[in-house]
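The block underneath contains the structure these notes are about, expressed in structure tokens.
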Amino acid sequence: MTDVQTIDVGHLKAYDISNQDPLWWGQFMFVFIEGAMFAILIAAYFYTRLRMDVWPPPGDQFPHKLLPTLELIPLILSCAGTYWASEAAKKNSRGGMAGGLTLNIALAAVALWMRIVEWHSLNFNWMTDIQGSYVWAFLGLHTFDYIADLAFTAVLLLLVLIGRCGPKQRLGVHVDSIVWYFLVAIWIPIYVVIYWGPIIVETQQ
Amino acid sequence: MRASQDIYPQSVDVERDVEQLRNSWRHPRGVLGWLSFTTHQAIGTRYIVTAFIMLLAGGIEALMIRTQLMRANNGYLGPERYNQIFTTHGTTMMFLFAVPVMEGMAIYLVPLMCGTRNVAFPRLNAFGYWMYLFGVLFLYWGVFTNTAPDVGWFAYPPLSGPQYTPGKSTDFWAQMITFTEVSALCVAAEIIATISKMRAPGMSLNRMPLYIWSILIQSWMIIFAMPAIVLASSYLLSDRTVGTHFVNPAEGGDPLLYQHIFWFFGHPEVYIIFIPALGFVSAIVVAHARREIVGYTAMVLAQIANGFIAFGLWVHHMFATDLPQIGEAYFTASSMMIAVTSGVQIFCWIATLWSGRPRMTTALHFVYGFIAIFVLGGLTGVMLAAVPLDLQAHDTYFVVAHFHYVLIGGALFPLFGAFYHWHPKFTGRLMNETLGRANFWVLFAGFNLTFFPMHILGLKGMPRRIYTYPPGMGWDGLNLLATVGAWIIAAGGILFIVNFLWSRKNGEVAGNNPWDADSLEWAASSPPANYNFEYLPAVTSRYPLWAPREQRGVVTGLATDRREALVTTLMDAEPHHRYILPGSSIWPLISAICVTIGFAGSVFNGWYITWGAIISGLAFIGWFWPKRPLEPAHD
Amino acid sequence: MKTTTRVAKVSAATCTAFTLLLTSCIYNRQSAIDPAGPQSGRIDTLWWSFFWLLGAIFLIVMVLTAMTLTRQHRGFEQEPLEALHKASEKTEARLRSVITGATIVSIVILFVLIVASTVTGKANSELQNKKNPLTIQVTGTQWWWQIEYKMGDPTRSLVTANEIHIPVGRPIQIRGASNDVIHSFWVPNLNGKRDLIPSRITTEWLEADHPGAYRGQCAEFCGLQHAHMALWVIAEPEDKFNAWLEAQLQPAASPRTPEEIKGEQVFMNHACIYCHAIEGTPAAGQSGPDLTHFGSRRGIAANTLPNTMGNLAGWILDPQTIKPGNHMATIEVSSGDLQPLLEYLESLK
Ligand code: HEA
Ligand code: HEA
Ligand code: CUA
Ligand SMILES: [Cu+2]
């Protein structure tokens, strides 16, 4: 018998908090799926918009710009908290993770509050007309994911705080960050479509 | 039975390791235990069994269709029943049989072929299965309460909209789609992660078996295609239940937009079914022609190209909608280009068989049947890609003939072949070859008798989806032939079932590698142990089991007292780190039940979405809640 | 090589049988391969060229596949490299070049097919440039066809149902519309199909070469009675067509016999008038087919039944059994009223 081909892996780490981990790939795939869905929805929006003569349909207010634009600030800043937490996870620094996740959640909550305030000022809903259907689809889908990930982040924070935080949970903190980056990044084209869409493709008359 | 030990190093204590592996991979006991299984063999088997039951259901519906169409003005099924039956048949076959069965085979085979212990996310795997099962139950709940969908398997609005199809039937259909989407996406994600990160050391990309390639491509196609159907079915559902206007022509919604989105998914969908079948064919051809594949690189490139092109030809389902001519020309060209990528593969297989030593097993019979039927179906596809011909053939029995040729010839025949090929691995026993051959010939004859006449029916003007037709159209005889053929197919199906049941008890005991095949699953015992391999294999060639003994090897140093596997790098599959796989868990089932409450309830009341989301969220937290001890016992 | 000749013979026979099966049918009233106009003629030519070319490819592939069986005990087994599960480098290289060759040939053939198909498609849409077209609007409705002839003069426009008359040799523009769901207009002997889509107008051109009656049928699934949504296109010489047109432009014939007069009253006193229009009478309903010249038409209820007195009686008494789910209500007509009503309707030539 020969041992030539035997590969001993006993010395390798039992965890790796990086993009080499299958979990990171799983999360990446999830982001891909969501991204593809929003991309198709955006394409569908423009397809529909180009078939209409008047946009927004008569009766719908022109979308506000101030609050949604301001909302971008806490939203983008919240990525810093995420980044901090995910780096801290690699270094196994509980304090860093707690700080980063708290910052992330706080800023995200501010952005969410601004978004909900803005909703209340919309003078159309999904049943009003086709623009309403689209705008609310964007808002609804994104906000659903947003709240879900926020809840998940809160659970992670809780785990960090109570100290139930092994390598698996640190990996969780790390892969959770790519979802957050994605949710922030995809909001930017959605923001452009909802609030600037009626201006980008002007009504020809 | 043990895997062959002659390649194990002397340094290891095989007895101790096997003992520990048995313990750490043991299934929990009891009903609750059974519901918590997370090994890929168990989940894969559940998928396959459920999908075959769906084939039976879809087949029975097909027989009802054929019986109704047996003669002109037949009164067996009224229009309402007929529409329900053909819709349920198409839906069952596409969403609940063909895609899931391919997934089930992949879940079973991929970890074995990649040389690892389980899929990357075992609990997600279980969750995906439960979602699929609940989708099945949901649709058939509708069928048995007379709310079966009746708007065709692509449910075009406005017919499927609230105005023309009131009631719940279409909501059941659309929500069933959501179930299967979730399940398919779970499987795709974990298969991609498994193939990308958990291949045996040394199995670089260019050494992956062709079946693994085909599954990898199929999974990526699912990732890109399924979001479109998520959107299409949500459009429909929200228009129907909460009053949006996505596909409502009266409010600026556009029925054609739905068609675009549906077929942007729908065309890739047929390749999602078909590409894994090509993987089966490659595996069978290599093993039973006893020779390496001719043109490995060409095959891989052709399949990748196939995957890409598949996203650029959806409009060939919409030629009759009066699109601009320039667009039509583009979609004709792209549809025909896909004949090249399919052709290359056919040529490679023929060359392999030509220069091999084909052993005429039942599995190889099914491959030959596949070539004959699929090439014919592919060529009628090329005819349909020509706009003027399609304008005549669209929505006639010519199309019905085309897609049964490619679906049954291109997917079902390879699947049967694969079943005969891998049955010894699944169960430890070979299936009966004599019955197998009878099974093949009855299916082959019945199939052609059923579907060949449909080409002629289509040319003679018979539209599809009609519940009856007047006499004197020249359609009677051909329809009768088709009906007789369908019953012969059913006889073939019974032969298959008989053979399967017989072989469970009486089949010849197979041993690890009854076909002297090349790929890693044949190194495991038959049926494989829960942990697949005592020591994960290491690979130095594309056909590992055909490599000389001194080039084969194993991985040592993985912990055996917990479920541990090896993560390797994407391109070259070099060992990177060890990976602890989760064990059995009831949480996937609990989560699936919570999600189901949300989905199913929302058909009746929109608030269920919110409640469903909240309880599902809680279930997911339970799922991921860390158990002590947190740190791995030893590092 | 004996096998090959046998295979060739068998396949030649099969081809001939197939051709016969396709062309020898006596019921060519609704057939894509019995062309009666330039468009369907071109498609027919295209079909047969595809058929022969792709049929040849099929046979070649099948023969090659069959030959892998006859070579079972030759091939690389004779070569020395058996244990390696592959053939000699030379054989491998030869196989690769054959595959490459076959692929290149396939690409060339496909290119030819694409060109042929595009050229046919373009030619088929070119009737638009012909002079003196006749425009007919076809509106799909669950589950019958509304037909409108649009002449320049609005007083001379004509509404009818389920039957289209066209002059031979004149280009016809079909404007397709829908009142509810998607339907598809298809008269295979004349041209391919065109979907009728709500909120859109689609167009198609057709032309008949010689007189005849061509059957068509809705081709897009449109609900319960999709199976019973047929229409006739009747191509006639120009003068005959004009005579038909003039007759149809007239209001309904007034009833002459006492029976018919009674029949008219029955019609007007029943709910029929809410749904049906008869030009020249108070009946002006819009949700059912126009009955002004009903007696001249070939069929009842989108050609579910031939137009005979007996069938009409059956239809009026119980439309829901004949065509379950259709949108005509069942109206009580007493037995004394029925015969006059039938005579009246059939007199509307
Ligand atoms: C497994 C599933 C499967 C596969 C593989 C295919 C393969 C193909 N299909 Fe098919 N198709 C369906 C499933 C599939 N189809 C279904 C389910 C529908 C109907 C949906 C519905 O309406 O319900 C459909 C409908 C459909 C239509 C729309 C018809 C209509 O509704 O009007 C068209 C039109 O272009 C088409 C084309 C093609 C083409 C060009 C291929 C090509 O990929 C085929 C390529 C293969 C070959 C050509 C044979 C091998 C090649 C050679 C031997 C090389 C030499 C060949 C040449 C030089 C030509 N298909
Ligand atoms: C993978 C997909 C798949 C498969 C395998 C099949 C299999 C069959 N199909 Fe299906 N078919 C579709 C996918 C498929 N079909 C789709 C997508 C549509 C379009 C629907 C739509 O328009 O919306 C369609 C539509 C369709 C129609 C057109 C209906 C219409 O337009 O009005 C017809 C008509 O003949 C038909 C017939 C059959 C028959 C006879 C079989 C047979 O091959 C089935 C044979 C199988 C069995 C019989 C089961 C196995 C048998 C046993 C296990 C033995 C025991 C059972 C008994 C004795 C009962 N199918
Ligand atoms: Cu109208 Cu089908
Ligand atoms: Cu397609």
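Proteins come first, then strands; the chains are lettered A, B, ... in the order of their sequence lines, and each starts at number 1.
For a residue to count as touching a neighbouring chain, one of its non-hydrogen atoms must lie under 4.5 Å from one of that chain's; by this rule Ile293(B) does not touch chain C. Proximity to chain C is absent for every atom of Ala250(B), based on heavy atoms less than 4.5 angstrom apart. Looking at Ile43(C), both its backbone and its side chain come within 4.5 Å of chain B, counting heavy atoms on both sides. For Val340(B), the parts sitting under 4.5 Å from any heavy atom of chain C are the backbone and the side chain alike. Heavy atoms of Phe398(B) lying under 4.5 Å from chain C belong exclusively to its side chain. If you measure heavy-atom distances from Tyr156(B) to chain C, the contacts under 4.5 Å come from the side chain alone. Within the 4.5 angstrom heavy-atom criterion, only side-chain atoms of Thr118(C), from C-beta onward, approach chain B. Looking at Thr396(B), the atoms closer than 4.5 Å to chain C (heavy atoms on both sides) all sit in the side chain, from C-beta outward. The contact between Tyr368(B) and chain C is made entirely by side chain atoms (from C-beta outward), counting heavy-atom distances below 4.5 Å. Interface remark: Val286(B) contributes no atoms to any contact with chain C (heavy atom separation under 4.5 Å). Contacts of Gln84(B) with chain C are absent, with no heavy-atom separation under 4.5 Å from either backbone or side chain. Using a 4.5 Å cut-off between heavy atoms, Pro548(B) makes no contact with chain C at all.
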(message) Using the rule given for salt bridge (Lys or Arg N to Asp or Glu O under 4.0 Å), can you reason through Arg200(C) versus Asp254(B), listing the C-alpha separation, both sets of side-chain angles and the distance that settles it, and then say yes or no?
(response) CA-CA 9 Å; Arg200(C) 285 171 185 255; Asp254(B) 185 16; 2.7 Å; yes
(message) Between Met62(C) and Ile371(B), is the side-chain contact (heavy atoms from CB on, under 4.5 Å) condition met? List the steps.
(response) CA-CA 8 Å; Met62(C) 284 311 104; Ile371(B) 295 181; 4.2 Å; yes
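Trp186(C) and Gln392(B) share a donor-acceptor pair across their side chains, judged by distance under 3.5 Å alone.
Looking only at side-chain heavy atoms (C-beta outward), Gln225(C) and Pro79(B) come within less than 4.5 Å of each other.
Applying side chain to side chain contact (heavy atoms under 4.5 Å, CB included) to Phe347(B) and the options Leu95(C), Thr103(C), Thr100(C) leaves one that passes, Thr103(C).
Note on Glu328(B) versus Lys122(C): no salt bridge recorded, every NZ/NE/NH1/NH2 to OD/OE distance being 4.0 Å or above.
Partners of Tyr405(B) according to the side chain to side chain donor-acceptor pair (under 3.5 Å) rule, which considers only residues two or more places apart in sequence or in another chain, are Asn448(B).
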